[in-house]
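As structure tokens, the structure follows; a few thoughts come after it.
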2 protein chains.
Amino acid sequence: MTGGKVERKRRMPRAERERQMMAVAEEIFADRGYLAASMDDIAELCGVSKPMIYEYFGSKEGLLVACIRQARTELAKATTESVVGSTSAEEALRRGLVAFFEFTDTHRRAWSLMLRSEAAVAGPAAAAEIEAGRQEQVEIDLALFKAFLPDAPHQDLEAAAQIVVGACERLSLWYVNQDEVTAEQAADHLMRALWTGLSSMVEN
Amino acid sequence: MTGGKVERKRRMPRAERERQMMAVAEEIFADRGYLAASMDDIAELCGVSKPMIYEYFGSKEGLLVACIRQARTELAKATTESVVGSTSAEEALRRGLVAFFEFTDTHRRAWSLMLRSEAAVAGPAAAAEIEAGRQEQVEIDLALFKAFLPDAPHQDLEAAAQIVVGACERLSLWYVNQDEVTAEQAADHLMRALWTGLSSMVEN
DNA sequence: GAGTCAAGCTTACTCTGAGTAGGTTACTTG
DNA sequence: CAAGTAACCTACTCAGAGTAAGCTTGACTC
């Protein structure tokens with residue numbers, strides 16, 4: 001089944017074991033949902049006993065938070081890097097959108113952890129982690145708009161940033177279920193729907 | 001504290017007891033989150049023992065689903081009714097948006113149940129109930145766009161509907177935390193950001 | 001090699017909270 | 001008032017999160 005070597009029950013240094021646990025947890029959480037995932041099962045799949053997970057992550061929610069934080073970091077990295085070298089605000093936004101949709105497609109498990117908010121229900125720490133991720137995106141968009149439209153009312157730009165983030169989330173769900181739609185097309189849809197409206201704000 | 005009569009431990013017919021249970025549950029779920037809410041606590045606040053809730057709702061998730069379904073029905077009713085009598089697509093969309101934002105403000109508890117998806121984690125039935133609510137909104141928007149832009153590619157309109165629903169969700173969260181923003185203004189922000197883009201689709 | 005320290009790991013619990021079996025009370029109707 | 005049923009209760013089971021206390025293995029001194 002698994003291509004690599006099997007090596008059951010090896011002793012591992014902490015860092016490596018933590019990575020393995022997070023990989024297993026991400027899969028189990030995404031597959032079964034947070035509630036239905038049991039720590040005993042996760043431990044067994046790691047070839048290790050339950051207290052080890054508690055030793056390293058503190059609690060079930062702590063394990064989930066670690067998974068979410070990792071996904072969040074990767075997403076922020078992917079979108080941020082995609083924007084460098086853009087020569088216009090429009091290009092920057094479009095590139096960011098494409099990177100975002102690509103991420104949600106290639107990292108489906110990680111994304112479903114953040115989006116389907118297996119978290120909101122999990123507890124305050126997990127919910128906060130998710131909301132922080134969204135807020136991060138809002139700040140990025142806001143900075144972009146502010147640079148492009150310095151004279152537009154602040155409230156308008158804030159609302160616009162919220163709109164983009166919300167639209168991205170929802171559109172990503174739709175997009176990953178449409179086989180014939182590419183990340184570029186998803187980004188295009190969003191640009192077409194939003195861009196004229198956004199750029200017209202300067203005249204308001 | 002509570003304004004009305006107290007009447008502790010009255011016997012009630014099923015329908016009335018169910019309504020009371022849902023009201024209590026909505027509050028507890030919204031306040032503490034699904035996980036932290038215990039069925040024993042809800043039962044006690046109803047002045048009744050736990051098996052009664054199981055008799056009427058089957059499970060904890062069943063109780064949550066009932067709460068969500070009620071909120072969903074109310075939201076659909078409010079937005080649908082707000083649109084009747086509109087003389088243009090633009091007016092219909094704007095009215096629907098205003099009704100939506102008003103609902104999220106006046107029914108905060110109900111809305112937070114649906115939005116913060118205290119549900120996705122709860123289980124498949126609750127998640128399905130939430131997704132059904134979103135899909136309902138998508139269908140409504142899609143029908144509206146289709147009527148106004150019969151020649152635009154279907155995929156474009158579908159994407160547009162998803163965008164509107166996603167943007168609404170996110171913007172509603174922002175809006176309920178901004179005291180100085182009215183429902184009309186929130187709807188305005190969305191219309192300004194989206195309308196020109198949407199209506200230009202006809203030329204594509 | 002013997003001693004010792006720590007990191008990685010385990011067994012065997014406790015305790016909370018969802019869900020249930022089986023019985024009791026009180027209102028209605030003939 | 002007998003009988004039936006709707007509303008309700010006490011007292012459990014059971015799964016799964018979280019923990020206490022100790023075992024094992026390898027590396028590093030002397």
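Sequence lines set the chain letters: A, B, ... in the order given, protein chains first and strands last, and positions in each chain run from 1.
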Rounding to an integer number of Å, can you tell me how far [X] [atom1] sits from [N] [atom2]?
X	N	atom1	atom2	value
Y54(A)	dA21(D)	OH	P	18 Å
M52(B)	dT10(D)	CE	C1'	14 Å
E44(A)	dG16(D)	CD	P	13 Å
I42(A)	dG18(D)	CD1	C1'	14 Å
Q20(B)	dC8(D)	CD	P	9 Å
D41(A)	dA15(D)	CG	P	13 Å

Where each residue is assigned the nucleotide of DNA chain D containing its nearest heavy atom, which of P13(B) and P51(B) is assigned the position nearer the 5′ end?
-> P13(B)
Neighbour count above 12 (heavy atom, 6.0 Å) for K77(A) NZ | no
Any idea which heavy atoms bring G96(A) and S82(A) closest together, and the distance?
-> CA-OG, 3.6 Å
What is the minimum heavy-atom distance between A161(B) and L142(B), and which atoms define it?
-> CB-N, 4.1 Å
Looking at R10(B), does any N or O in its side chain come under 4.0 Å of the phosphate oxygens OP1/OP2 on dA7(D)?
-> no
Segment of DNA chain C, first to last nucleotide, that comes within the 4.0 Å heavy-atom reach of chain B = dA18(C) to dA26(C)
Considering every strand and a 4.0 Å limit on heavy-atom distances, what is the contact class for [X]: base, sugar-phosphate, or nothing?
X	result
M39(B)	sugar-phosphate
S49(B)	base
A37(B)	sugar-phosphate
A15(B)	nothing

Nearest listed nucleotide, side chain of K50(A), among dA7(D), dG18(D), dG16(D) | dG18(D)
Among the nucleotides dT19(D), dT10(D), dA7(D), which one has an atom lying closest to any side-chain atom of Y56(B)?
-> dA7(D)
Using 4.0 Å as the upper bound for N to carboxylate O, is an ion pair formed by [Y] and [X]?
X	Y	value
E136(A)	R72(A)	yes
D31(B)	R109(B)	no
R134(B)	E131(B)	yes

Just say parallel, tilted or perpendicular for the rings of F29(A) and Y34(A), cut-offs at 30° and 60°.
-> tilted
Between the base of dA6(D) and the side chain of R14(B), is there a donor-acceptor distance below 3.5 Å?
-> no
Let me know, please, whether G58(B) or R11(B) comes out on the 5' side of the other along DNA chain C by nearest nucleotide.
-> G58(B)
